[in-house]
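For reference, the structure discussed in these notes is given below.
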Amino acid sequence: MNNILEGVLKEFSKLAMIPRPSKHETKVANYLLNRLEELGISAEIDETGNVIGKVAATAGFEAVPLFVLQAHMDMVCVSDSTKPDYNPLTDSIELIRDKEYLRANGTSLGADDGIGIAIILYLLKNCKEHGALKLIFTVDEEAGMSGACGLNAKYLTDAKYLINIDSENVNELVTGCAGNLRVDFKRAVNRVKPLQQQGYKIKISGLKGGHSGEAIGIKHANAIKVLAQLMNELKCEIASVNGGRAMNVIPSEAEAVIISNANVEETCRKVSEHICENFEESNIIINAEKITLPENVLSAKDTKAILNLIENLHDGIYDSETSANIGVLSTVEDHIKVEYMPRFHSDNGYETMKKFALEAAQKSEFEAVANKPSPAWKSNKNSLATYMKKIAHQQGREMTQHVIHGGLECSYFSEKNPNLEIVSIGTTNLNIHSPKERLLLSSIEPTVQLVAATLKEAEFIND
């Protein structure tokens, strides 16, 4: 397999041209069907929208147990202030490459998980020694995991091993992950004439944000929480509030249209100083722009309700096994909506966080819908992980084995086939789910070599 880096990046660059936000994967699914056909591989789209492919064993490897190679098609689509008109439904990703990293121009890169797909496509073209393979490219991993949840168990029953290429550190083998619960809050609001005199548009930006599983414990401030703190201190009237882009992303930006007679600029300065002192943040910007007085605002009761909900919802680490993230706050016509995601590694953690969320909704008089949880993935015996660490050592690097606090589709695959040995690996991807996302180029070749060697030597895994 010569020139691995360029071969994988060629596959990835084609994927970057295809808009593929969660729940809009039809274009990329059709692309994959055509690409697999070019490689001589039969594939189909299942009833959930996943792409399923079958690859015959190469000569001499017919007795090797069936392997599943898996990645997801969708990506978190976010942009920064340099791309105010970015439309994830129509716009491609503009790639920028330097000696060390690949990144995007003003948007998320989509290496989560486009690089997983690109690696699999490269292997299919170049790896000539492997047993029978099953390919599973799923939809909607980032916004609900409905692809993994809806996958028919028949696609996994005859498999012995599964490699998920969706982790974020080239030197880590992941053999367990947190489950998560998605809670949607909604409240109808009434509007009244404002009583105070000066209108402002408040915008919070410059926060680090990040993945709500992997970055939740490193003291990144939540822009929605910061906005609520600011509005509480101002005792303002609220015309609209919005913040965050996705439930599983720590919000780095939020904004509101308010009316206040207080010294807004001074309060913004004090809140900004407080955030810098208490969080790992140094670039926060809180801008207050005077605007024409809005015609109406939320009633005092509705204002109190939304601020109470945000205050009462736990955000950040709760204990060693649980956390939560207030991901999205939005004003939609005559409703206020909040999207919330607790994570947990145990049934007890799930019950605790669900109870807290529903109690917060009741206290604030919000409707709350707790969706079906994504299960935690707990891997006990895993000879595949042990063998892959051995292969990596032979290739000149050491890999550590971890259980992560983020969510992976592996939890659903394990639930559908408890005997399936699963490992999640990946390239080193930094600042995922943000416009600062970047891919360490030097991590691509080791990942490809590890998978290729594992497929080649699969018959010896249990020796």
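M247 places a side-chain heavy atom less than 4.5 Å from the side chain of D184. In this structure, the side chains of L9 and R97 come closer than 4.5 Å at one or more pairs of heavy atoms. In this structure, the side chains of E168 and D112 come closer than 4.5 Å at one or more pairs of heavy atoms. Counting only heavy atoms from C-beta outward, the side chains of I136 and L156 approach each other to under 4.5 Å. In this structure the side chain of V338 reaches within 4.5 angstrom of the side chain of L309, judged on heavy atoms. A heavy-atom distance below 4.5 Å is not found between the side chains of L420 and K160. Contact check for K456 versus F61: side-chain heavy atoms found under the 4.5 Å cut-off. A 4.5 Å side-chain heavy-atom check between Q395 and L450 finds at least one atom pair inside the cut-off.
The closest side-chain donor-acceptor pair between S346 and N348, if any, does not fall under 3.5 angstrom. A donor and an acceptor atom, one from each side chain of H405 and E214, are nowhere located under 3.5 Å apart.
Of the charged side-chain nitrogens involved, none lies within less than 4.0 Å of a carboxylate oxygen, so that E351 and K354 do not count as a salt-bridged pair. The pair K23-E141 does not meet the salt-bridge criterion, since no charged nitrogen lies less than 4.0 angstrom from a carboxylate oxygen. Between K219 and E281 there is no salt bridge, since none of the side-chain N atoms of the basic residue sits less than 4.0 Å from a carboxylate O of the acidic one. By the 4.0 Å N-to-carboxylate-O rule, K83 lies close enough to E94 to be salt-bridged with it.
No more than 12 heavy-atom neighbours from other residues, nucleotides or ligands sit within 6.0 angstrom of NE2 on H393. More than 12 heavy-atom neighbours from other residues, nucleotides or ligands sit within 6.0 angstrom of NZ on K416. Other residues, nucleotides and ligands contribute more than 12 heavy atoms inside 6.0 Å of the CD atom of E273. The neighbour count for D347 CG, taken as heavy atoms of other residues, nucleotides or ligands under 6.0 Å away, does not exceed 12. Counting non-hydrogen atoms of neighbouring residues, nucleotides and ligands closer than 6.0 angstrom, the NZ atom of K389 exceeds 12 such neighbours.
Listed here is the closest heavy atom pair of N248 and M341: CB-SD, 3.9 Å. The two residues E311 and K225 have their closest heavy-atom pair at O-NZ, 3.4 Å. Nearest heavy-atom pair, L66 versus A132, reported as atom, atom and distance to 0.1 Å: CD1-O, 3.1 Å. The shortest non-hydrogen separation linking P251 to I224 is CG-CD1, 3.8 Å.
In terms of modelled atom types and a separation under 3.5 Å, the side chain of S330 and the main chain of N242 share no donor-acceptor contact. Between the T48 side chain and the G150 main chain, a donor and an acceptor come within less than 3.5 Å of each other. With hydrogens and angles disregarded, a donor-acceptor distance shorter than 3.5 Å links the side chain of N325 to the backbone of V249. Between the S167 side chain and the G426 main chain, no donor and acceptor come within less than 3.5 Å of each other. A donor-acceptor pair is defined here as one N or O able to donate and one able to accept, closer than 3.5 Å; no such pair exists between the side chain of S414 and the backbone of W377. The backbone N or O of D46 sits nowhere less than 3.5 Å from a side-chain atom of N50 that would complete a donor-acceptor pair. Although no hydrogens or angles enter the test, the distance criterion places a donor-acceptor pair under 3.5 Å between the side chain of H220 and the main chain of G209. Looking at D315, its side chain does come within 3.5 Å of a backbone N or O of I326 through a donor-acceptor pair. Here the side chain of N431 pairs no donor or acceptor atom with the backbone of S434 at under 3.5 angstrom. The main-chain N or O of Y155 is found under 3.5 Å from a side-chain atom of K134 such that the two form a donor-acceptor pair.
Annotation: the span from S282 atom OG to E277 atom CD amounts to 13.0 Å, rounded to 0.5 Å. Of the inter-residue distances, the one linking K10 atom NZ with L5 atom CG reads 13.5 Å to the nearest 0.5 angstrom. Going from atom OG1 of T428 over to atom CD1 of I115 covers 11.5 Å, rounded to the nearest 0.5 Å. Summarising the geometry, atom CD1 belonging to I4 is positioned 10.0 Å from atom CD1 belonging to I119; distances are rounded to the nearest 0.5 Å. Rounded to the nearest 0.5 angstrom, I52 CD1 and I45 CD1 are separated by 10.0 Å. Taking NE2 from H402 and OG1 from T175, the interatomic distance works out to 9.5 Å, rounded to the nearest 0.5 Å.
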As a quick check of understanding, evaluate side chain to side chain contact (heavy atoms under 4.5 Å, CB included) for Q70 and I163, giving each step before the final call.
CA-CA 6 Å; Q70 188 269 325; I163 298 178; over 6 Å; no
Please lay out, stage by stage, how R438 and N429 fare under the test side chain to side chain donor-acceptor pair (under 3.5 Å).
CA-CA 6 Å; R438 54 199 170 121; N429 306 322; over 6 Å; no
Does the side chain to side chain contact (heavy atoms under 4.5 Å, CB included) test come out yes or no for L440 and T427, once each step is laid out?
CA-CA 7 Å; L440 183 65; T427 54; over 6 Å; no
Does L455 form a side chain to side chain contact (heavy atoms under 4.5 Å, CB included) with E129? I'd like the steps, not just the answer.
CA-CA 7 Å; L455 297 179; E129 297 174 304; over 6 Å; no
The test is side chain to side chain donor-acceptor pair (under 3.5 Å); show your working for R343 and T322 and say whether it passes.
CA-CA 5 Å; R343 297 179 186 270; T322 54; over 6 Å; no
Please report the C-alpha distance between Q229 and V271 in whole Å, then the side-chain angles of each, then the deciding distance to 0.1 Å, and finally whether the side chain to side chain contact (heavy atoms under 4.5 Å, CB included) criterion is met.
CA-CA 8 Å; Q229 176 188 344; V271 170; 4.2 Å; yes
Might you work through the side chain to side chain donor-acceptor pair (under 3.5 Å) test for H72 and E409, ending with a clear yes or no?
CA-CA 9 Å; H72 66 83; E409 293 167 298; 5.3 Å; no
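Ring planes of F185 and F366: perpendicular class, angle over 60° (limits at 30 and 60°).
Tested against Y101, the residues L430, L439, L441 include a single side chain to side chain contact (heavy atoms under 4.5 Å, CB included) partner, L430.
Two rings, from Y318 and F344, have their centers 6.0 Å or more apart.
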